[in-house]
Structure formats: C-alpha cells, structure tokens
2 protein chains.
Amino acid sequence: MARGVVSSDGKRKPITARELARMIGVSQSAVSRAFTPGASIAPELREKILKFADEQDYHPNAIASMLSKSRTNIVGIVVSDMSNPFYPALIQKLSQGLQRIGLQSLLFNITKGSNIEEQLSALRRYNVDAVIVISATMLSGATLHWATEGRAAILINRVVEDADINCVCCDNVEGARAIADHFHALGRRRVAYVSGLSHTTTNLERQNAFITRVAELGMTLTGRVDGGEYSYEAGRRAALEIASKGNTDAIFFANDILAVGGIDALREDSGKRVPEDISVAGFDDIPMAAWPHYALTTFRQPLDEIVTVVVGMLEDGSCQPGQPSSVKRISGGLIVRQSTGPLA
Amino acid sequence: MARGVVSSDGKRKPITARELARMIGVSQSAVSRAFTPGASIAPELREKILKFADEQDYHPNAIASMLSKSRTNIVGIVVSDMSNPFYPALIQKLSQGLQRIGLQSLLFNITKGSNIEEQLSALRRYNVDAVIVISATMLSGATLHWATEGRAAILINRVVEDADINCVCCDNVEGARAIADHFHALGRRRVAYVSGLSHTTTNLERQNAFITRVAELGMTLTGRVDGGEYSYEAGRRAALEIASKGNTDAIFFANDILAVGGIDALREDSGKRVPEDISVAGFDDIPMAAWPHYALTTFRQPLDEIVTVVVGMLEDGSCQPGQPSSVKRISGGLIVRQSTGPLA
DNA sequence: ATATGACTTGCATACGCATGCAATATGAAC
DNA sequence: GTTCATATTGCATGCGTATGCAAGTCATAT
C-alpha cells in the first residue's frame with residue numbers, strides 16, 4: 001500500500017490528483033470527477049479511480065478545492081461563554097449535525113477584553129461559508145453586521161429585530177407563560193423573576209412574557225432581580241435577596257444555571273424549603289436540572305430540533321445572503337420536576 | 001470606502017491582492033509582502049499598502065495562502081465528551097490560547113456510534129497543521145495513529161506509552177497521592193476509590209497511585225468501584241454501592257463530576273453526612289466543585305498551564321513530526337474544601 | 001450509410017497568494 | 001567617477017483542484 005512520500009522532516013507529502021491520474025492513465029479531471037457526486041463520469045471509471053485512490057491513500061486536498069470552488073464547507077461558530085452547560089451541549093449537537101452534512105466547525109471563542117473584530121477577523125479571511133452565532137451577548141449590532149455581512153448567518157437564541165438576520169430561537173414567550181401557568185396551578189400567587197443579563201433578548205422575552213402572564217392570572221410580582229450574569233453565583237445572590245424579603249413563594253429564574261444556584265442558596269442559606277416554601281423554575285433543561293438533588297422544573301429548549309432547523313437552513317441555502325431572512329421559533333416543553341410543588 | 005463588489009445573489013466578492021496592487025501601482029508580490037512579517041519590503045511601502053488595504057477593505061485570502069504555503073494555521077481539536085464540564089473549560093481556554101498565536105480551532109466532536117475514521121477524515125483532507133486530542137477514550141491506538149500520523153499532534157490528559165506521541169498531562173500520581181495523604185491526615189483509614197472508565201490512562205494512573213499510597217500509609221482500601229462512565233449518575237451509583245457496605249469513611253472519585261454525584265447520593269439517599277461520616281474528594285476542580293453546596297476537595301488540573309504548554313509546543317515546533325516526542329507532566333494542586341474533614 | 005444526440009473524457013485555465021530569482025535602486029567606500 | 005554590497009521590487013511560476021469547452025465514442029433513429 002503505497003503512501004505519500006515521507007520527507008526527512010517526517011512530514012507526509014500526500015499524493016495529488018495529478019499523480020494519481022498519471023498512475024492510472026487518465027486525466028486529472030477524471031480523478032476530480034470521480035470524487036464529485038453527480039459529475040459526468042462513467043460509473044466504471046469512477047469505481048476504478050476510487051479503488052486506486054483508496055490503494056494509494058489519495059484524498060482530495062480540501063484546500064485546493066476551496067480555492068477553486070470558493071466554498072470552504074466550514075462554518076464559523078461564535079461563542080462567548082461555555083460556562084453555562086447549555087452551550088457545550090448545544091455546540092456538541094450542532095457540530096455533529098454539521099458534520100453529518102459535510103460541514104466543519106471552526107470555533108470562535110470570543111473574550112470580553114480585547115478587540116472582538118480582531119478575534120473574528122479569521123471569519124472573513126477564512127471565507128467560512130456560514131456563521132452561526134451562539135453568543136447571547138458580547139456582540140454589538142455593528143460587530144454582528146460586520147461579521148455576518150455578505151454571508152450565510154444564523155443566530156441561535158438571540159433575536160435581532162431591525163437587522164436582516166436569520167434567527168433560530170426557542171419560543172421564550174411560550175416557555176415563560178407555561179412557567180407562570182404552572183406556578184398558578186400550584187397555588188402560588190406571589191412570584192418573582194430573576195434575570196441574568198437583563199438586556200439580552202432571551203431575557204427580555206422571558207421576562208416580559210412572564211410578567212404579563214403573571215398579571216393576567218392575577219398573581220403578584222413580588223420581585224424582579226437582575227443577576228448581572230448567567231451564573232450559579234448570580235442565582236445565589238438573587239435568591240438570597242428575594243428570600244430575605246420573605247414575601248415570595250415561587251421564583252422563575254431566566255435560566256437553569258441561575259435556578260440551580262438559587263435552589264442551593266434558598267435551602268442552605270435562607271433556610272427555605274424548596275419546593276414547599278418557595279418553588280423554583282428555570283429555563284433550558286440542562287443536564288444538571290435532572291439531577292435528583294435539584295430536580296428542577298424547567299422549560300426545555302429543544303436542542304435537537306434547533307440543530308435540525310439550523311442544519312436544514314444551511315443545507316437548503318435558505319440562510320444565504322439575498323434570501324429573505326426569517327426568525328424561527330422552536331417550541332419547547334415544560335418539564336415538571338420536584339423543585340416546584342403545591343403550596344404547603 | 002470602496003468595498004468588494006456585491007453580485008446579485010448578495011455575496012460579497014472580496015478584492016484580491018492583484019487588484020489592490022493595480023490600484024496602488026505596485027506588484028501583487030508587494031502586497032503579499034506587506035502582509036508578511038519579516039518580508040523584504042520597505043517600511044514606507046508596507047505602510048502605504050496597509051493603509052490602502054484598510055481603505056479598500058482588503059484581507060488576504062487565507063485559503064489561497066494555505067495552498068501556496070501548505071500551512072493552514074488550523075488546529076484540529078478532537079473531543080468526544082463535552083458533558084463533563086472539565087472539557088468545555090479546557091476547550092475554551094485552549095481555543096483562546098491558540099487564537100492568540102494566530103491558530104484557528106477546527107472542532108471534531110466524535111460520536112461513539114459511527115465510523116470514527118470517517119468522522120476524522122476532514123482532519124486529513126483539510127491539512128490541519130496539528131491535532132490536539134482531548135478525548136480520554138474513544139480512539140483506539142490505531143485510529144489515533146491514523147489521525148495524527150505525519151503531523152504535529154498532542155494528546156491532552158491521555159498518555160500513550162508505546163506510540164511516539166506528545167502528551168501533556170496533569171500529574172495524576174502527584175494528585176492521587178496528595179488525596180491519599182490528605183485523607184490520612186484527616187484520620188481517615190478506610191478509603192475507597194471510584195473510577196470512571198477503568199481503562200483510561202488517567203484513571204489507571206490515579207487509581208494505582210492512590211492504592212499504592214493508601215497501602216504505604218497503612219490505610220485500608222475498602223472498595224474499588226468502576227462507574228463505567230464519567231458522569232454524575234455513575235458517581236451516584238458508585239457512592240450508594242460503597243455506602244451500603246458501611247465500612248468506608250473516605251472516597252476518592254476519579255474526577256469531580258463523579259464526586260459531585262457521589263456527594264448528593266451519600267447525603268440524600270444513604271443518609272450519610274459529608275464530610276463527617278464520609279469524606280469525598282475528586283479530581284479536576286471544575287467550577288461546580290467550588291459551589292458552596294458541594295465545596296468539593298479536589299486536585300486542581302492547572303488548565304492555564306496545560307494550555308500554555310500546549311500552545312508553546314505548537315509555537316516552537318517541538319511537536320512537529322520528526323522531533324522527539326515527549327510526555328509533559330504538569331503539576332497541579334490540592335484544593336481543600338469542606339467535602340473532606342477530620343473523622344467525627 | 002448518415003445524422004442526431006447522449007455520454008465521457010481530456011485540455012487548458014482559473015482560483016489568490018507565496019516566493020525564488022533577476023533586476024533595479026540606493027548608498028557607502030575607494 | 002567607479003565599484004560593490006545591501007535593500008527593494010517585480011516577474012514568473014507553483015500550490016492542487018474544478019470546470020467550460022471541445023473532442024471523442026457509441027448507439028439509436030432516419
């Protein structure tokens with residue numbers, strides 16, 4: 001099984017289509033066509049070439065292919081915060097979904113401090129076919145436009161109204177209302193809301209829908225605390241603040257990681273029983289929510305469906321520039337666990 | 001500010017070095033050199049070209065550059081399990097570290113089910129400059145060799161003895177011994193060990209070092225349970241199994257996610273007090289370990305140092321094929337929290 | 001037997017940048 | 001003024017694949 005030449009420095013020099021073609025006695029185009037689905041080539045010749053290619057360990061050079069096709073099959077994934085377990089879970093499913101249709105994931109992990117456009121410059125230099133932004137925040141509208149301008153782009157879990165951008169997002173309104181209804185059904189009447197980053201669209205949607213529904217149901221909003229970040233610690237602080245007032249019997253946290261912190265603080269620092277004294281609900285359904293210790297009632301973000309929709313848009317080209325942009329709302333589902341219960 | 005031509009389908013066609021050169025009245029080579037650090041070009045000309053480039057929004061096409069330099073500046077990162085929070089944290093720091101030296105991260109999220117070589121085929125087609133494998137398992141030795149053959153490669157947190165491969169790994173022996181010593185100092189004498197995947201090198205090293213040290217200190221190993229996976233649930237099951245025997249006063253879990261599950265199970269299902277009845281220690285120091293609810297004593301993996309070392313190896317080329325491979329052990333540190341304490 | 005068309009195949013070139021080499025310019029030394 | 005070394009610059013070509021076009025093959029229809 002002849003392999004590519006190995007030079008003195010140990011690097012393998014793979015054989016090229018031209019070399020393979022010469023061995024077989026066909027043109028380099030034939031080799032290219034053998035590897036191109038739907039290309040004009042006789043089935044027998046394709047078979048023969050693929051067989052030789054396999055023997056010679058020939059693989060088409062994706063770089064050269066990119067250059068001539070000006071298509072990279074690479075999707076840039078922009079993330080800013082992997083500390084919320086929701087994101088790793090999403091990224092994992094997403095990258096696997098992309099891989100399934102032959103797309104690779106170039107990860108852009110942006111940091112607060114330094115120049116973001118500089119961090120994203122590779123997005124443009126590398127000519128990624130599409131950009132998927134999972135970062136809830138961190139990107140100003142201008143930066144977002146700069147990064148996505150002229151190429152396929154999808155925001156996940158973030159909605160930008162004015163801009164002409166595709167968004168795929170869980171139905172936050174549905175979720176927030178479901179939580180409010182659930183609280184109401186349990187007999188809870190004095191409820192509070194805890195936000196993570198108050199200006200993110202996910203938060204605004206959940207918050208507004210929750211507060212609106214709470215009012216519709218005739219419940220009392222006893223508090224609205226902004227944690228300042230989506231973190232366990234922020235959840236703790238917010239819970240303590242609410243508990244100290246003593247007039248709340250149910251809290252809806254903007255997401256699970258906040259809620260988890262909240263539960264621990266309520267039980268361990270405020271001496272409250274969850275769910276008896278205060279019921280707690282979150283949003284996302286991260287793995288941790290299912291842990292018996294938390295058994296967190298939450299509104300599940302349908303990761304698989306979100307990924308399916310995103311991959312579908314990439315596949316059918318409906319997110320290409322020039323196409324009308326759309327905002328797709330994916331329906332989630334209320335998951336009732338033991339962090340909520342009827343009023344004692 | 002002239003930008004690239006926008007064709008009817010909305011895609012931007014960036015201007016090329018040749019076009020920019022023509023505008024300025026220099027050769028295309030000059031433009032190339034202006035963007036190449038250390039190239040032979042007059043400082044004033046470089047300035048002038050960069051200024052024009054900025055005005056015209058010209059960016060070197062990385063794809064074309066890859067083709068001619070046969071260097072992609074892309075590092076393939078192979079991961080298999082993002083459900084353990086340790087990995088997202090590592091990936092985040094790693095990708096940021098790589099970015100700092102101009103390398104991009106192509107993420108390969110491999111799945112158990114299907115053909116792994118197929119999942120990794122893009123590693124070769126895309127000519128990544130280097131491969132970093134963070135997957136503790138999932139890759140057989142043969143696949144590992146296939147994936148890394150002939151290119152720079154580094155395994156993180158996994159050591160392969162026979163193969164000629166670079167490894168960067170926390171000092172598991174140091175950590176396991178530190179835990180054993182800590183248990184001993186607290187007066188614990190009947191200790192147990194819980195593994196995740198028993199055949200992984202991280203596990204074997206921690207397990208052997210722990211058991212050896214336990215024997216040296218004259219302590220009794222009351223149990224050794226294999227969880228079968230690194231997960232919260234596995235930790236729970238193992239803890240329950242150990243607790244049911246009632247003869248153990250300290251458990252060392254192979255990593256934090258197991259330990260966290262163990263703590264919850266001990267407290268909530270076995271009615272044990274942690275740390276009074278059973279002390280619990282983990283390994284990694286994931287963010288969760290610091291949560292007050294767990295306050296997990298653990299051995300910290302020095303993420304920043306690991307990343308620094310890996311990035312350094314990539315930068316100085318010491319992980320290039322042809323160079324002698326090395327196994328670098330990074331020293332960690334014992335973090336004592338409240339999940340361990342003196343015998344009641 | 002010739003024409004028509006459907007398929008295959010090879011040729012030649014484009015893709016955009018990097019770089020060895022030759023050419024030119026600049027300045028210093030004599 | 002001349003010579004030589006150094007610093008810049010342009011020219012021309014290579015990197016490996018994709019693809020429009022023309023040429024070729026073959027079978028069926030006329």
Side-chain angles (χ1 to χ4, degrees), chain A residues 4-5 7 11-50 52-53 56-74 102 122 124-127 129, chain B residues 4-5 7 11-50 52-53 56-73 122 124-127 129:
Chain A
V5 179
S7 54
K11 287 219 180 184
R12 203 167 20 82
K13 191 175 153 296
I15 77 169
T16 68
R18 197 178 310 278
E19 291 166 345
L20 183 69
R22 198 164 296 151
M23 292 179 191
I24 309 182
V26 297
S27 72
Q28 174 263 320
S29 329
V31 175
S32 172
R33 291 188 177 109
F35 281 90
T36 307
S40 169
I41 185 174
E44 312 83 54
L45 181 55
R46 165 172 280 152
E47 279 310 310
K48 182 177 171 187
I49 291 177
L50 290 181
F52 266 82
Q56 302 296 323
D57 199 34
Y58 165 80
H59 292 269
N61 180 325
I63 310 292
S65 168
M66 292 180 202
L67 185 59
S68 59
K69 285 202 298 196
S70 61
R71 199 169 176 321
T72 56
N73 282 333
I74 292 178
R124 313 185 72 185
R125 285 186 293 111
Y126 279 62
N127 277 322
D129 289 342
Chain B
V5 178
S7 54
K11 288 218 180 184
R12 203 166 19 85
K13 191 176 151 296
I15 76 170
T16 68
R18 196 180 310 279
E19 291 166 345
L20 184 69
R22 197 163 297 151
M23 292 181 194
I24 308 182
V26 296
S27 72
Q28 174 262 318
S29 330
V31 174
S32 172
R33 292 188 177 108
F35 281 90
T36 306
S40 169
I41 184 174
E44 313 82 52
L45 181 55
R46 166 171 279 151
E47 278 311 310
K48 182 177 172 187
I49 292 177
L50 290 180
F52 265 83
Q56 303 296 322
D57 199 33
Y58 165 80
H59 292 270
N61 180 326
I63 310 293
S65 166
M66 292 179 201
L67 186 58
S68 59
K69 284 202 298 196
S70 60
R71 197 170 177 324
T72 56
N73 282 336
R124 313 185 72 185
R125 287 186 294 109
Y126 279 62
N127 278 320
D129 289 343

### Shortest side-chain distance from B/Thr36, nucleotide among C/dC11, C/dC15, C/dA18
C/dA18
### Query
Between D/dC15, D/dT17, D/dT8, which nucleotide gets closest to the side-chain atoms of B/Leu67?
D/dC15
### Task
Classify the nucleic acid contact of A/Leu45 as base, sugar-phosphate or nothing, counting any heavy atom under 4.0 Å across all strands shown.
sugar-phosphate
### Query
Can a donor-acceptor pair under 3.5 Å be found between the side-chain atoms of A/Thr16 and the base atoms of D/dC15?
no
### Message
Just the rounded figure in Å: distance from C1' of D/dG14 to CG of A/Asn61.
### Response
14 Å
## Note on the structure
Taken in chain and number order and not counting sequence neighbours, the residues that satisfy side chain to side chain contact (heavy atoms under 4.5 Å, CB included) with A/Glu47 are none
### Query
What pairs with A/Thr72 under side-chain hydrogen bond (donor to acceptor under 3.5 Å, both in side chains), at least two apart in sequence or on another chain?
A/Asp129
### Query
Of the nucleotides D/dC11, C/dA12, D/dG14, which has the atom closest to the B/Ser68 side chain?
D/dG14
### Message
Please check this pair: side chain of A/Arg46 against backbone of A/Thr36, looking for a donor-acceptor N/O pair closer than 3.5 Å.
### Response
yes
### Task
Can you check whether any acceptor in the base of D/dT19 is under 3.5 Å from a donor in the side chain of A/Ser29, or vice versa?
yes
### Query
Quick one: the side chain of B/Arg33 and the base of C/dG20, do they pair up donor-acceptor inside 3.5 Å?
yes
### Message
Nearest to the A/Gln28 side chain among D/dA18, D/dA12, C/dT8, which nucleotide is it?
### Response
D/dA18
### Query
Of the nucleotides D/dG10, D/dT8, D/dT17, which one has an atom closest to the side chain of A/Tyr58?
D/dT17
